[in-house]
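Just so it is clear, the structure is predicted and the values come from calculations on it, not from any experiment. The basis for the numbers below is simple: all heavy atoms, side chains too, and nothing from hydrogens, waters or symmetry mates. Letters go in sequence order (proteins before strands), and every chain restarts at 1.
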Protein chains: 2
Amino acid sequence: MKLSANEEYGLRCLVRIGYAGEGGSLTIPEMSQAEGVSPAYAAKILRVLRRGGFVKAARGKDGGYTLARPAEAIVIGDVMDVLGGRIFESSFCDSHAGQAPICTRSVDCSVRSLWRAVQVAVDQVLSKATLRDLLQNEEEMNTWVRTIPGAKGLHFIQ
Amino acid sequence: MKLSANEEYGLRCLVRIGYAGEGGSLTIPEMSQAEGVSPAYAAKILRVLRRGGFVKAARGKDGGYTLARPAEAIVIGDVMDVLGGRIFESSFCDSHAGQAPICTRSVDCSVRSLWRAVQVAVDQVLSKATLRDLLQNEEEMNTWVRTIPGAKGLHFIQ
DNA sequence: GCTAATCTGTACTTTATAGTCAAGATTACT
DNA sequence: AGTAATCTTGACTATAAAGTACAGATTAGC
Ligand code: FES
Ligand code: FES
């Protein structure tokens, strides 16, 4: 249950493109230098974002990447699904069922219930965040985070 | 941000040992058959749980694994930390900082703020769950999940 | 002491993820 | 048309995670 490199870098790249604004665009070399990764790797990450429909690319001279939609129309939860999949896929329970009770027939399993609760908790945060929310500084973002309904416990974020 | 195999199997194994009750114990071959994994792999998983201090092992004939503490004293959040680490480790920001703004000096980063919010949301669920809560069937567990403060949105769990 | 059942530790192989490389396709400009 | 800047793709290598193999150590019972 760690963030993958795809998720970390992917979201950062998307934020950088968002910062470029409406008309602005970012090239692979620019992204590479900004994130401190190789151009080839930046290209690979940006491809995932493009195929996910979050950014669009312009080829040729003066080309680059730009947002495919306004920042407020890009839900971070959707981005994360494309970059790194879901925490809990119920297919795991089907394919990894054991012999004895608990998970056997994938029915009546308290563990699965817990995984779903965790997934919902994460979705509550990520489905309410849009790229627009991330295009602000950390302090403003922390203020925003406190507005998430059902996330009262976040008050200890400074 | 997927569940790792360690986390999936590790928690299942712990639940099975918990089911064995106070005096009861489970051997590696038993666990192997129950979970449908090789004995060697079951042993590897159980070692992690043992070194985490959640179960204790008895060697020799009539040996096996048993809980190191009462089920209600085992917090699932602690178990998950041992099995799969945290979602967001701030060390990532330090070691993977780019050149241009946003994450550069690991200050004033809205993305990091979001990761922290996700981590807190997960901790809210996992820090309130004990092994005792998992030693019941799925329906009872779903009822329990709804009692988590700050997780009102979980009502759509059936 | 011997044996069978059990856990323990290290090293190995396999598979998935992370990251690189090189050849090709597109576009703006002249 | 030619050139330079740019994205696109598939295959490649490196590293981490998943899963296996095996020799060794411990204990109960005889
Ligand atoms: S059915 Fe998936 S963890 Fe039990
Ligand atoms: S400082 Fe870590 S994501 Fe920005």
Side-chain angles (χ1 to χ4, degrees), chain A residues 1-13 17 20 24-68 82-85 89 91-92 95-96 98, chain B residues 1-13 17 20 24-68 82-85 89 91-92 95-96 98:
Chain A
M1 222 158 69
K2 289 178 183 166
L3 284 171
S4 67
N6 245 356
E7 290 168 319
E8 272 274 357
Y9 286 122
L11 189 52
R12 283 191 197 176
C13 289
I17 295 171
S25 73
L26 269 176
T27 68
I28 286 175
E30 284 167 344
M31 186 65 79
S32 161
Q33 217 223 341
E35 283 301 336
V37 299
S38 73
Y41 190 32
K44 191 172 186 177
I45 294 165
L46 286 166
R47 177 154 63 137
V48 177
L49 289 174
R50 175 171 51 83
R51 296 214 280 202
F54 304 112
V55 303
K56 56 188 174 188
R59 283 180 165 197
K61 203 164 180 340
D62 302 338
Y65 290 90
T66 180
L67 291 186
V82 168
L83 289 174
E89 321 251 7
S91 58
F92 188 97
S95 57
H96 293 75
Chain B
M1 222 159 65
K2 289 177 183 167
L3 283 170
S4 68
N6 247 354
E7 290 168 319
E8 272 275 357
Y9 285 121
L11 189 51
R12 285 190 196 177
C13 290
I17 295 171
S25 73
L26 268 175
T27 68
I28 286 174
E30 285 168 345
M31 186 65 81
S32 162
Q33 217 221 343
E35 283 300 337
V37 300
S38 74
Y41 190 34
K44 189 173 185 177
I45 294 164
L46 286 165
R47 178 154 65 129
V48 177
L49 289 175
R50 174 172 50 86
R51 297 215 281 200
F54 306 112
V55 303
K56 55 188 172 188
R59 283 180 164 197
K61 206 166 179 340
D62 303 337
Y65 291 89
T66 181
L67 292 186
V82 168
L83 290 173
E89 321 250 8
S91 57
F92 188 98
S95 56
H96 293 75

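The salt bridge (charged side-chain N to carboxylate O under 4.0 Å, His left out) search around A:Glu8 returns A:Arg12, not counting sequence neighbours. For A:Pro39, the side chain to side chain contact (heavy atoms under 4.5 Å, CB included) partners two or more places apart in sequence, or in a different chain, are A:Ile28, A:Ser32. Taking the side chain to side chain contact (heavy atoms under 4.5 Å, CB included) definition, one finds that B:Arg59 meets it with nothing, sequence neighbours left out. A:Ser4 is linked by a side-chain hydrogen bond (donor to acceptor under 3.5 Å, both in side chains) to A:Glu7, counting only residues two or more places apart in sequence or in another chain. Listed by chain and residue number, A:Tyr9, A:Tyr41 satisfy the side chain to side chain contact (heavy atoms under 4.5 Å, CB included) test with A:Ala5 (two or more places apart in sequence, or in another chain).
Taken residue by residue, residues 50-58 of chain B places no heavy atom nearer than 4.0 Å to DNA chain D.
C:dG19 atom P lies 14 Å from atom CG of A:Leu83, rounded to whole Å. Distance B:Arg59 CZ to C:dT8 P: 6 Å, rounded to the nearest Å. We find that CE of A:Met1 is positioned 19 Å from C1' of C:dT17, with the value rounded to whole Å. Going from atom CG of B:Asp62 over to atom C1' of D:dG29 covers 9 Å, rounded to whole Å. The distance from atom CD1 of B:Ile45 to atom P of D:dG19 is 8 Å, rounded to the nearest whole Å.
Listed candidates were D:dC7, D:dA28, C:dT6. Nearest to the side chain of A:Pro29 is D:dC7. The side chain of B:Thr27 lies closest to C:dT6, out of C:dT6, D:dA21, C:dT8.
With rounding to the nearest 0.5 angstrom, the CD1 atom of B:Ile17 is 5.0 Å from the CG atom of B:Leu46. From A:Lys44, atom NZ reaches atom CG of A:Asn6 across 8.0 Å, with rounding to the nearest 0.5 Å.
Taking the side chain as every heavy atom from C-beta outward, B:Val82 and B:Phe54 approach each other to under 4.5 Å.
Closest approach of A:Gly24 to A:Thr66, counting heavy atoms only: O-OG1, 3.5 Å.
If you check every strand for non-hydrogen atoms under 4.0 Å, A:Leu26 touches sugar and phosphate atoms only.
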Check nucleotides 11-18 of chain D against the protein and report each pair of N or O atoms closer than 3.5 Å, with its distance, or say if there are none.
| from | atom 1 | to | atom 2 | distance (Å) |
| --- | --- | --- | --- | --- |
| D:dA18 | OP1 | B:Ala5 | N | 3.0 |

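Of the residues near DNA chain D, B:Val37 and A:Lys61, the one whose nearest nucleotide (by heavy atom distance) lies more toward the 5' end is A:Lys61.
Checking the phosphate oxygens (OP1, OP2) of C:dG19, no side-chain nitrogen or oxygen of A:Ser38 falls inside 4.0 Å.
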